[in-house]
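See below for the structure under consideration.
This chain uses plain numbering: 1 for the first residue, then up along the sequence. Keep in mind it's a predicted model, so treat the numbers as computed, not measured.
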Amino acid sequence: MRVLFSILFLFTANFVSAQNTKPNQSFEIGKIEEIHSAILNETRTLNIYLPAGYSADTLKTCPVIYLLDGSANEDFIHIAGLVQFLTMIEKIPPTIVVGIANVDRKRDFTFPTTIKKDLLDFPTTGFSTNFISFIEEELQPFIHSKYSTSRSKTIIGQSLGGLLATEILLKKPQLFSNYLIVSPSLWWNNESLLRNPLTEINKTDSRKVYIAVGKEGQKMEADAKNLADLIRLNKKISLKFTPLPKENHLTILHNGAYQGLEFLFDAKAN
């Protein structure tokens with residue numbers, strides 16, 4: 001296992017003395033794991049955040065957050081920071097974050113489309129079924145076997161990642177306990193996912209779903225609301241839909257994830 005991130009700070013002599021530390025000292029944010037996927041026929045990189053005091057030898061188990069767009073230069077660092085902060089202020093329990101680094105997000109996060117322009121613009125798209133199978137059959141068992149995990153599993157996805165999280169929710173809802181969906185790209189394939197029957201989701205026990213959308217255009221905002229209205233039809237699902245009009249597609253994830261994690265881990269939220 002390799003150290004994933006080390007942040008280096010250079011201190012003045014007085015400040016070093018006051019903090020009782022040494023210059024050129026570093027600290028660890030996360031670790032890198034690699035998993036070879038037979039389903040995807042490739043090796044995938046995982047960025048892992050472990051909560052303070054975590055020990056694989058303890059009987060205490062931790063919830064797991066699976067983060068789409070979890071590369072080091074995407075969302076892993078700031079989501080790990082949110083989790084660390086929310087744990088510190090006791091809003092959420094000590095939690096493991098598994099950032100799934102991207103190889104081809106358009107390939108992995110989208111189902112087949114009949115829109116010719118999208119097929120021309122994004123020729124590798126349409127293989128979300130494989131990626132979902134990877135999550136279910138390879139990734140989740142791998143994490144469960146290596147780390148001390150509870151039954152609580154959360155997925156976070158924004159944009160195309162939000163599309164994938166929605167597809168899992170509607171087609172294989174048992175894969176996760178909690179769904180944090182931000183600005184989902186439900187316009188994909190003429191919004192066909194919003195016409196998906198609720199057969200599978202109606203078979204599941206209780207789930208919690210948080211949906212957020214910013215000032216992102218009439219179509220994306222309407223689609224997010226329509227998704228929330230669709231999910232509300234299932235009374236076993238605890239849903240919170242949060243419009244964030246001060247945010248746009250570039251800024252929304254941090255605020256949306258903060259509020260979403262508070263809701264998803266709040267035992268009092270129904």
Side-chain angles (χ1 to χ4, degrees), residues 37-40 61-68 92-93 95-96 98 100 108-114 126-145 149-158 160-213 222-242 260-261 263-270:
S37 169
I39 294 170
L40 301 176
T61 59
C62 297
V64 182
I65 293 172
Y66 291 85
L67 173 65
L68 303 172
I92 68 174
T95 300
I96 298 167
V98 178
I100 309 169
D108 291 338
F109 295 174
T110 62
F111 50 87
T113 180
T114 58
F127 292 91
S128 60
T129 297
N130 288 350
F131 194 71
I132 294 169
S133 294
F134 158 69
I135 291 173
E136 178 180 17
E137 299 173 27
E138 297 177 327
L139 178 58
Q140 288 186 347
F142 175 82
I143 295 298
H144 184 67
S145 68
T149 64
S150 72
R151 298 179 63 183
S152 174
K153 295 175 288 187
T154 299
I155 187 169
I156 298 178
Q158 182 197 15
L160 286 179
L163 177 71
L164 180 75
T166 302
E167 183 180 2
I168 296 173
L169 173 63
L170 296 179
K171 296 180 180 179
K172 286 207 166 184
Q174 72 278 6
L175 291 191
F176 294 97
S177 319
N178 304 315
Y179 290 79
L180 202 165
I181 300 170
V182 178
S183 306
S185 296
L186 297 169
W187 51 265
W188 183 255
N189 194 38
N190 278 341
E191 300 160 322
S192 64
L193 197 56
L194 289 172
R195 299 187 293 276
N196 192 79
L198 299 181
T199 306
E200 294 303 319
I201 201 170
N202 286 336
K203 295 177 183 177
T204 63
D205 54 8
S206 60
R207 293 289 183 272
K208 295 182 79 171
V209 179
Y210 177 88
I211 302 169
V213 68
D223 284 348
K225 182 181 182 302
N226 289 339
L227 174 62
D229 291 341
L230 181 68
I231 300 305
R232 282 195 185 97
L233 296 175
N234 187 312
K235 301 304 181 183
K236 294 181 292 185
I237 293 178
S238 178
L239 171 74
K240 184 173 184 179
F241 172 56
T242 306
L261 290 171
F263 168 73
L264 295 174
F265 284 93
D266 183 359
K268 299 177 183 178
N270 297 316

Checking Glu167 against Phe109 for the side-chain contact (heavy atoms from CB on, under 4.5 Å) test, could you report, in this order, the C-alpha distance in whole Å, the side-chain angles of both residues, the deciding distance, and whether it holds? CA-CA 9 Å; Glu167 183 180 2; Phe109 295 174; over 6 Å; no
side-chain contact (heavy atoms from CB on, under 4.5 Å) for Val209 and Leu180? Distances and angles first, verdict last. CA-CA 6 Å; Val209 179; Leu180 202 165; over 6 Å; no
Taking it one step at a time, do Leu169 and Ile181 satisfy side-chain contact (heavy atoms from CB on, under 4.5 Å)? CA-CA 10 Å; Leu169 173 63; Ile181 300 170; 4.2 Å; yes
Checking Leu194 against Trp187 for the side-chain contact (heavy atoms from CB on, under 4.5 Å) test, could you report, in this order, the C-alpha distance in whole Å, the side-chain angles of both residues, the deciding distance, and whether it holds? CA-CA 9 Å; Leu194 289 172; Trp187 51 265; over 6 Å; no
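A salt bridge links Lys172 to Glu136: at least one charged side-chain nitrogen sits closer than 4.0 Å to a carboxylate oxygen.
Listed for the Ser177 side chain is a donor-acceptor partner under 3.5 Å among the backbone atoms of Lys153. Remark: the backbone N or O of Leu264 is paired with a side-chain donor or acceptor of Lys208 at under 3.5 angstrom. Proximity of a side-chain donor or acceptor of Thr110 to a complementary backbone N or O of Gly126 within less than 3.5 Å is detected. In this structure a side-chain-to-backbone donor-acceptor pair under 3.5 Å is present from Asn234 to Lys236. Between the side chain of Ser150 and the backbone N or O of Ser152 there is at least one donor-acceptor pair closer than 3.5 Å. Checking side-chain atoms of Glu138 against main-chain N and O of Ala38 turns up a donor-acceptor pair under 3.5 Å.
When side chains are defined from C-beta on, Thr61 does not count as touching Thr149, because their heavy atoms never get closer than 4.5 Å. Side-chain contact check for Ile168 versus Ile135: some heavy-atom pair is nearer than 4.5 Å. Contact of the Val98 side chain with the Leu67 side chain is not registered, since no non-hydrogen atoms from C-beta on lie closer than 4.5 Å. Residues Asn196 and Thr166 have side chains not in contact (no heavy-atom distance under 4.5 Å, counting atoms from C-beta outward). Counting only heavy atoms from C-beta outward, the side chains of Leu198 and Leu233 approach each other to under 4.5 Å. Counting heavy atoms from C-beta on, the side chains of Ile96 and Cys62 come closer than 4.5 Å. In this structure, the side chains of Trp188 and Leu164 stay at 4.5 Å or more apart for every pair of heavy atoms. At a threshold of 4.5 Å between non-hydrogen side-chain atoms, the residues Thr242 and Tyr210 count as touching.
Residues Ser238 and Phe263 come closest through the heavy atom pair OG-CZ, 3.5 Å. Between Leu227 and Pro184 the shortest heavy-atom distance is CD2-CG, 4.4 Å. Here the shortest heavy-atom pairing between Ser183 and Val213 reads OG-CA, 4.3 Å. Residues Ala165 and Leu68 approach most closely at N-CD1, 4.5 Å, considering heavy atoms. Minimum heavy-atom separation, Asn190 to Arg195: O-NH1, 3.0 Å.
Between the OG atom of Ser185 and the CG atom of Leu160 there is a distance of 4.5 Å, given to the nearest 0.5 Å. For the atom pair CD1 of Ile39 and CD1 of Ile132, the computed distance is 11.5 Å after rounding to the nearest 0.5 Å. Atoms CD1 and CD1, from Ile100 and Ile155 in turn, are 6.5 Å apart once rounded to the nearest 0.5 Å.
Taking the side-chain hydrogen bond (donor to acceptor under 3.5 Å, both in side chains) definition, one finds that Lys240 meets it with nothing, sequence neighbours left out. Applying the side-chain contact (heavy atoms from CB on, under 4.5 Å) rule to Phe127 yields the partners Arg107, Asn130; only residues at least two apart in sequence or on another chain are considered. The ring pair (Phe, Tyr, Trp, His ring centres under 6.0 Å) check on Phe176 picks up Tyr66, Tyr179, with sequence neighbours excluded. Looking at residues two or more places apart in sequence or on another chain, you find no ring pair (Phe, Tyr, Trp, His ring centres under 6.0 Å) involving Phe142. In this structure Thr204 satisfies the side-chain contact (heavy atoms from CB on, under 4.5 Å) test together with Pro173, Ile201, Arg207, sequence neighbours excluded. Considering only residues two or more places apart in sequence or on other chains, Thr154 meets the side-chain hydrogen bond (donor to acceptor under 3.5 Å, both in side chains) condition with Asn178.
For Arg151, the CZ atom sits in a loose shell: 12 or fewer heavy atoms of surrounding residues, nucleotides or ligands are nearer than 6.0 Å.
Side-chain atoms of Ser128 and Asp108 include no donor-acceptor pair closer than 3.5 Å.
The cationic atom of Lys171 (NZ for Lys, CZ for Arg) lies less than 6.0 Å from the six-membered ring centre of Phe111 and within 45° of the ring axis.
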